[in-house]
Amino acid sequence: MSGEKLLIVEDEVHLAEVIADNLELEGYAVEVVGDGREALEKIRREPPALVLLDVMLPGMDGFEVCERLRAEKVDVPILFMTARSDADDRIRGLELGGDDYLGKPFELRELMLRVAAILKRSKWAQTRATFGDTLVLGDASVDFKGYTAQVGDKVYTLSTKEILILRTLAERPGEVISRADILDRVWGYEAFPTERTIDNFIVRLRRLLEPDPQSPRYIHTVRGTGYRLTP
Ligand code: CA
C-alpha cells in the first residue's frame, strides 16, 4: 500500500467513482472534485502526488487549471483525461505542462500503468542527481534545485522538463542517450506524438547553455540515435 494522495478532477460522477475505487484498491488515497475552480484552490492549498485532470469541466477547464498552476510554479504531476482526444488537444495539454494524456474511453489498466509511471518519474525528479545539485558547462552553471541556469551574470529559469532532460544526460556523461530513453525518463512512453519534440527542447537548452549553439561543445547530437553530454 503506497498511500500516496491522488486528486481526481472529473465532473462525470460515475466515471470519477469507478476511477477512484480502482485507485483505492491499489492503495492510493483518493479525493474527487468535479469543478475546475475548486480543483485549482485545492491543489494550491495542498498539492497531491498526482492530479488526474479532465479537460471539459464546469467552473474552469482543465487546460486553464494546468496553465495557472504552472504559471504559479506549482509543479504537481498532471495526467489529462479527455474525450477530446485529437492530436492538437493532446499536444496542447503537454505543452501547457501536463505530464501525460489519456483519451476517453480508456482501459482502467492503462490508467493504472500511467499513474504508476508518472509517480515513479516524479519520485526520481525529487531525488538528488547522482552528480549533485550543480552542473557546470564552461561559463554556464545549472542549479538543479533552483531550476535556474546562470550564464555569465544572467540567470534564466528552466522548466521541469528542461531540468530533467539535462539531468538524464548529465547522469551518464559521455554516453549516448537515445531519444526513446529521454522520453521514457522524462515523460513516459507514448506521451509525445513524436521524438522531434525532444530535439526542440535540446535546441532551447543549447541556445541557453552553449557558447555557440550552432557548433555545440557540451550537448552533442549523435545522428540517428540521440544525445551525448560532455561536461
Ligand atoms: Ca467532463
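All of these numbers come straight from a predicted model, not from anything done at the bench. Indexing begins at 1, ligand by ligand and atom by atom, following the structure's order.
A 4.5 Å side-chain heavy-atom check between Y101 and M81 finds every atom pair outside the cut-off.
Of the listed residues (V51, L50, L7), just one forms a side chain to side chain contact (heavy atoms under 4.5 Å, CB included) with V76, and that residue is V51. Here the rule is side chain to side chain contact (heavy atoms under 4.5 Å, CB included) with L205, and of V142, I163, I219, L137 only I219 fits it.
D139 CG: 12 or fewer foreign heavy atoms inside a 6.0 Å radius.
Remark: side-chain polar atoms of E10 are not paired, donor with acceptor, to backbone N or O of L53 under 3.5 angstrom.
Within the sub-3.0 Å shell of the Ca ion (ligand 1), the protein contributes these N/O/S atoms: D11 OD1, D54 OD2, M56 O.
Using a cutoff of 4.0 Å between basic side-chain nitrogens and carboxylate oxygens, R44 and E72 are scored as salt-bridged.
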